[in-house]
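Below is one structure, written out as structure tokens; comments come after it.
Reminder, nothing fancy here: chain letters follow the sequence lines and each chain counts from 1.
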Protein chains: 2
Amino acid sequence: MLTSASHAEAPNAWTVRRTTAPRPLGHALDDCFSLAPVRQLKAKEPLFAEGDTKSNIYRIESGAVLIYKILNDGFRQIVSFAFPGDYVGLEMSPLYTYDAQTIAPTRIRALPSVALWRRAREDAAIAGEIFETLSREISDARRHFLTIGRLSATGRIATFLIALAHRNERKSLDAVDIQLPVRRSDIADFLCLSVETVSRSLTELKTAHIISLRGWRQIKLIDRDALERLAAGETMLDQGCHLKRAA
Amino acid sequence: MLTSASHAEAPNAWTVRRTTAPRPLGHALDDCFSLAPVRQLKAKEPLFAEGDTKSNIYRIESGAVLIYKILNDGFRQIVSFAFPGDYVGLEMSPLYTYDAQTIAPTRIRALPSVALWRRAREDAAIAGEIFETLSREISDARRHFLTIGRLSATGRIATFLIALAHRNERKSLDAVDIQLPVRRSDIADFLCLSVETVSRSLTELKTAHIISLRGWRQIKLIDRDALERLAAGETMLDQGCHLKRAA
DNA sequence: CGAAGGATTGACATTTGTCAAGTAGAGTGG
DNA sequence: CCACTCTACTTGACAAATGTCAATCCTTCG
């Protein structure tokens, strides 16, 4: 949800030829990477920069990576967060089109892009999984721009929190008590908001007893339905909104 | 620029790998479609709806198609415009994820999606071109969300006009006197603005003598540099802005 | 325990959306 | 060719949302 991912289970044309097997879940792409060497990075280390020749395609093993772009006016736009299992740089281009930097100690596997393309040409299963991953990236990107373009600050935050919850569910982690992997300013740069607005929206959700905060990185989703509604475009006023401003 | 496309030479990373050969432009994908039957549609006819089973992938021969989504709150979000040469529905998914409707009399070719995927499995050249097209869609989608998220109304309009100019250049049409293919409300729904704001921004550009308007659908780009700067994030005040409000 | 970075809050400016007129183009029938 | 009409567009006044700047308050970590 947050980035191009390997979480792979869209039923589609490519999997058709595998329908006989109970889990047409593709591991072919993953397998390519399991042979690749692991690289260990510290926090805040660059992985590559915009304009670099794209030599490798990466898969995150542990940690977290920020994919972003520095705009002319100096602002930073985060395009996606990459977490364990996610691929980075899969889209086909001769150069990296973004900057990438770790935000925590991170282990990655690097596979030379030419090697991957060669294998994709030879093995239709791999090509198919790349199609799937790219298709998912397209729909993620489009969903994200709906989020940015149409939702209020609070709606965007709600969307973000729901996405984190989903991610935790997929990984069998706690989807209620969520450990924020990023700082406020990262959220802001991802959702095209100012840090202040992110902060205000979180406070608003807290005041409405939809979430609760423990420290800066621990968030508890109390009323997930309300979050879903906000993410769907309802406003705080639409809802029966218990306590408009009780405080 | 405006949609997933076959028009293959946006000034970006993609052009680099083609610098050696003058036109290594792939026609394999196009060839697939040239055998497909043509369908004739009137203006305002639906091509498919969100949730329909994806039976066909389309290529526009003439006319124009709107790809959009109706949101919960009734708003319409236009995801892209598809013009002659563009593909529609290429991304891999078992269902259409958007609505599509013609905005003018349109001729399209329809290719069964299973047929295309089969050919892609057999022919690496076709698979490669699909990769490229999808990759371009990803970068278009991301560029678009930068536009939506970071630019003022005027900046977004400028971006849109520049994109139209590029499109016309690619097709050897007039890139200065531009015939708008869409209405204000389509621009608004594409750029996540209200119709009124679109109108005001156009008026502002006209007043600054950056564009001129002849009727509703004819736009002349007078100061393209200024447009480029606005699209890059500069504000009207940043520039030496001849005539702040001379009127 | 103190320092430094990160987060929150408040006051205010700016931008954009909304609602309500009003105007201009395009098409139609006389 | 003109009047009529419908739709698309423009403009204005105002409200709401968000960004900006500045001050202050937490947390974390050394």
Side-chain angles (χ1 to χ4, degrees), chain A residues 43-44 71 73-77 103-105 147-158 179-189 191-207 211-219 230 233-238 244-245 247, chain B residues 43-44 71 73-77 103-104 147-158 179-207 211-219 230 233-238 244-245 247:
Chain A
K44 303 200 178 187
L71 306 175
D73 50 10
F75 281 75
R76 179 184 66 160
Q77 175 63 48
I103 52 177
T147 302
I148 302 306
R150 294 298 183 182
L151 258 39
S152 69
T154 311
R156 298 185 212 178
I157 297 288
Q179 185 74 14
L180 267 191
V182 296
R183 299 170 306 175
R184 300 284 188 272
S185 64
D186 297 324
I187 301 177
D189 289 350
L191 298 177
C192 298
L193 294 170
S194 64
V195 187
E196 292 93 333
T197 301
V198 170
S199 189
R200 273 186 260 268
S201 293
L202 286 171
T203 303
E204 190 185 7
L205 291 173
K206 188 178 65 181
T207 306
I211 64 172
S212 70
L213 303 173
R214 262 194 115 56
W216 288 339
R217 295 223 162 181
Q218 192 75 16
I219 293 194
L230 287 170
E234 279 190 29
T235 78
M236 297 285 278
L237 301 173
D238 286 344
K244 206 159 292 184
R245 72 185 49 83
Chain B
K44 303 201 176 183
L71 307 174
D73 50 11
F75 281 75
R76 178 184 67 160
Q77 176 63 50
I103 52 177
T147 302
I148 302 305
R150 294 297 183 183
L151 258 38
S152 69
T154 310
R156 297 185 212 176
I157 296 288
Q179 184 75 15
L180 268 190
V182 296
R183 297 170 307 174
R184 301 284 188 270
S185 64
D186 297 325
I187 300 176
D189 290 349
F190 183 58
L191 298 177
C192 297
L193 294 170
S194 63
V195 186
E196 292 91 333
T197 301
V198 170
S199 187
R200 272 187 262 269
S201 293
L202 286 172
T203 303
E204 190 186 7
L205 292 173
K206 188 179 65 179
T207 306
I211 63 173
S212 69
L213 303 174
R214 259 194 117 57
W216 288 337
R217 295 221 162 180
Q218 193 76 15
I219 294 195
L230 287 169
E234 278 189 31
T235 74
M236 297 284 279
L237 300 173
D238 285 345
K244 206 158 291 184
R245 72 184 49 84

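- If you measure from atom CD1 of A:Ile187 to atom P of C:dA7, you get 8 Å, rounded to the nearest angstrom.
- Separating the CG atom of A:Asp189 from the P atom of D:dG19 is a distance of 11 Å, rounded to the nearest angstrom.
- The base of D:dC9 lies outside donor-acceptor range of the side chain of B:Glu196, with no N or O pair under 3.5 Å.
- The separation between B:Ile157 atom CD1 and C:dT15 atom P is 16 Å, rounded to whole Å.
- Of the candidates C:dT9, C:dG6, D:dT18, the closest approach to any side-chain atom of A:Arg183 belongs to C:dG6.
- Of the possible polar contacts, none joining the B:Gln218 side chain to the B:Leu180 backbone as a donor-acceptor pair under 3.5 Å is found.
- For the pair A:Ser199 (side chain) and A:Val195 (backbone), a donor-acceptor distance under 3.5 Å is absent.
- The side chain of A:Arg184 places an N or O atom within less than 4.0 Å of a non-bridging phosphate oxygen (OP1 or OP2) of C:dT8.
- Residue A:Leu193 is in sugar-phosphate contact alone, with no base atom involved, counting any heavy-atom pair closer than 4.0 Å across all strands shown.
- When rounded to the nearest whole Å, the span between CZ of A:Arg150 and C1' of C:dT16 equals 13 Å.
- B:Leu202 has its side chain within reach of B:Arg184: a pair of non-hydrogen atoms, C-beta onward, lies under 4.5 Å apart.
- Between the side chain of A:Arg156 and the backbone N or O of A:Ile148, at least one donor-acceptor pair lies under 3.5 Å.
- A donor-acceptor contact under 3.5 Å is formed by the side chain of A:Arg200 with the base of D:dT20.
- Following rounding to the nearest Å, B:Ile148 (CD1) and C:dG17 (C1') show an atom-to-atom distance of 15 Å.
- Summarising the geometry, the separation between CG on A:Leu202 and P on D:dC26 is reported as 17 Å, rounded to the nearest angstrom.
- As rounded to whole Å, 8 Å separates atom P of C:dT8 from atom CH2 of A:Trp216.
- Summarising the geometry, the separation between CZ on B:Arg214 and P on D:dT10 is reported as 15 Å, rounded to the nearest angstrom.
- For the pair A:Thr203 and C:dT9, the criterion of a side-chain N or O lying under 4.0 Å from OP1 or OP2 is met.
- Contact between the side-chain N/O atoms of A:Thr197 and the OP1/OP2 oxygens of D:dG19 is found at a separation under 4.0 Å.
- Along DNA chain D, the nucleotide nearest A:Thr154 and the nucleotide nearest A:Arg217 are compared for position; the residue whose nucleotide lies closer to the 5' end is A:Thr154.
- Scanning for side-chain contact (heavy atoms from CB on, under 4.5 Å) contacts around B:Glu196 gives B:Ser194, B:Arg200, with sequence neighbours left out.
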